[in-house]
Number of protein chains: 2
Amino acid sequence: MHYNSNFFFTIFARMLTMRTRYALRALIHISIESKDGGPVSASAIAEGQGISFKFLEAILHDLKEAGFVVSKKGIGGGYLLGKMPDAIRLADVIRTINGPIALVPCVSLNFYEPCSICPDESKCALHHIMTEVRDATLAILETTSLSDLIHREKKLLKRKIK
Amino acid sequence: MHYNSNFFFTIFARMLTMRTRYALRALIHISIESKDGGPVSASAIAEGQGISFKFLEAILHDLKEAGFVVSKKGIGGGYLLGKMPDAIRLADVIRTINGPIALVPCVSLNFYEPCSICPDESKCALHHIMTEVRDATLAILETTSLSDLIHREKKLLKRKIK
DNA sequence: TAAATTCCTACTAAAAAAGTAGGATTTCAG
DNA sequence: CTGAAATCCTACTTTTTTAGTAGGAATTTA
């Protein structure tokens, strides 16, 4: 079979990984469901968001290591936000779980690597345009916090009920 | 060894693939080096851009299939642009070689897939914000053509020589 | 003290990425 | 008309990443 005949397969390459999407949904879930200040268990998040429990555990571990959540063991335990919701920027969560936000390493602010093909970045048109794309993306992701996401989610839910 | 101890490895996940970067450099190379209208050979591109010849051949095949280049066989043969440089949009090349531009499939215009976790897109805050990121990215990539890239590259080269 | 929970280590299967290898086919110059 | 230069075509390999799964140890609290 020809290698180009994968006509009916969807290409998902280079998007946010499931891991990252689950991480973001988990943070939203924790924020919304822990109104009284009590922790939310991994199994509650997994069930509420439709995520495999064991996979989610690993993701929550990463989120904890990065300080986005804190945990409480034992009965009644679970996860709480490790920072104020307006201090958790979308860009930082993505960088932690997914990696660089830039489209090429030579324009990444946090994961910079020199380009293997263009010897001089200042002379590469792609370098220029990719810097613009990075800045446009960061303008959104660095100014959007978990707090903003929750506000939106709540607003969207209300609109539906009305 | 602990799976988190890959401390010194760089994460390149989710950027443009080498294939895509080579494709873009190849298009730029063809545009600039074929001033008199003659085709540019794959080996000339490979050498000029520092790309593995065999790998580049496969990439040029994809570019040809998508109509971005045309080819001429035999001695003196090679590749020419298949469209005017201002008709080759960055976004279209990336979509062809790399795949979707959106960060999640549920906001992709050309590779849409429903989201596996949020049952209702209209109620998902992530869906909202990812749409914004997509539009900001497309505002650049769909208005930037190969022609723009060449103009920039030439301008940058001149600046250096002066 | 037992149940509920997080924590920790290791493993697996599938897919994608980045090439590599070898030769068939076509074209043109001499 | 022949040989060199180029594209074209098929198949394979290696490495990395992704998306989990499995099983149990440690901790906390009712």
Side-chain angles (χ1 to χ4, degrees), chain A residues 1-6 9-23 26 30 38-47 50-65 69-80 82 97-100 104-105 116-117, chain B residues 1-6 9-23 26 30 34 38-47 50-65 69-80 82 97-100 105 116-117:
Chain A
M1 194 181 288
H2 192 248
Y3 85 95
N4 257 328
S5 67
N6 51 353
F9 294 124
T10 310
I11 302 170
F12 280 141
R14 307 285 113 188
M15 297 186 157
L16 296 184
T17 60
M18 295 309 294
R19 205 175 177 92
T20 307
R21 290 184 244 169
Y22 291 160
I30 292 169
V40 186
S41 74
S43 56
I45 302 169
E47 199 176 340
I51 307 171
S52 145
F53 169 70
K54 277 297 195 178
F55 194 29
L56 180 63
E57 265 194 322
I59 296 165
L60 287 166
H61 171 261
D62 291 350
L63 286 173
K64 190 192 170 188
E65 229 182 18
V69 299
V70 292
S71 62
K72 195 154 174 284
K73 280 186 179 179
I75 293 176
Y79 295 87
L80 284 169
I97 310 294
N98 209 74
V104 288
S116 59
I117 39 178
Chain B
M1 195 181 285
H2 190 249
Y3 85 95
N4 256 329
S5 68
N6 52 352
F9 295 122
T10 311
I11 303 170
F12 280 142
R14 306 285 115 187
M15 297 187 157
L16 296 184
T17 61
M18 294 310 292
R19 207 176 176 90
T20 306
R21 289 185 244 169
Y22 291 160
I30 292 169
S34 138
V40 186
S41 74
S43 55
I45 302 169
E47 200 176 339
I51 307 171
S52 145
F53 169 70
K54 277 299 196 179
F55 193 29
L56 179 63
E57 265 193 322
I59 296 165
L60 287 166
H61 171 261
D62 291 350
L63 287 173
K64 190 192 169 186
E65 230 182 18
V69 299
V70 291
S71 62
K72 196 156 172 284
K73 281 187 179 180
I75 292 177
Y79 295 87
L80 285 168
I97 310 294
N98 210 76
S116 59
I117 39 178

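All values below were derived from every heavy atom in this structure, side-chain atoms included, with hydrogens, water molecules and symmetry-related copies excluded. Chain A is the first sequence line, chain B the second, and so forth, proteins listed ahead of strands; every chain is numbered from 1.
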Is the phosphate of dC8(D) approached by S71(B) (side-chain N or O, under 4.0 Å from OP1 or OP2)? yes
Write down the distance between CD1 (I75(B)) and P (dG30(C)), rounded to a whole number of angstrom. 8 Å
To the nearest 0.5 Å, what is the distance between CG (L16(B)) and CD1 (I97(B))? 11.5 Å
Return the set of residues passing side-chain hydrogen bond (donor to acceptor under 3.5 Å, both in side chains) with S52(A) (not counting sequence neighbours), or none when no residue passes. none
side-chain contact (heavy atoms from CB on, under 4.5 Å) with K64(A): which residues, sequence neighbours excluded? V69(A), S71(A)
Write down the distance between CG (L60(A)) and P (dT5(C)), rounded to a whole number of angstrom. 14 Å
Hey, could you give me the CD1/CD distance between I51(A) and E57(A), rounded to the nearest 0.5 Å? 12.5 Å
Let's see if you can work this out: which of dG20(D), dT6(C), dG19(C) has an atom nearest to the side-chain heavy atoms of S52(A)? dG20(D)
Heavy-atom side-chain contact between R21(A) and P105(B) under 4.5 Å: yes
dA18(C) P sits how many Å from I97(B) CD1, rounded? 12 Å
Ignoring backbone atoms, establish whether T17(B) has a side-chain N or O less than 4.0 Å from OP1 or OP2 of dA16(C). no
For the pair made of CG in D62(A) and P in dA19(D), what is the distance, rounded to whole Å? 13 Å
Distance test, side-chain N/O of Y79(A) to OP1/OP2 of dC7(C), below 4.0 Å: yes
By nearest nucleotide on DNA chain D, pick out whichever of S41(B) and G74(A) is the more 5' one. S41(B)
Can you tell me if the side-chain N/O atoms of K72(A) get under 4.0 Å from OP1 or OP2 in dA4(C)? no
On DNA chain D, check which nucleotide each of E57(A) and G76(A) is closest to and give me the residue with the more 5' one. E57(A)
From NZ of K54(B) over to C1' of dG19(C), roughly how many Å is that when rounded to an integer? 12 Å
Between atom NZ in K73(A) and atom C1' in dA3(C), what is the gap in whole Å? 15 Å
Rounding to an integer number of Å, can you tell me how far H61(A) NE2 sits from dG20(D) P? 19 Å
Just how far, in rounded Å, is C1' of dA22(D) from CZ of F55(A)? 15 Å
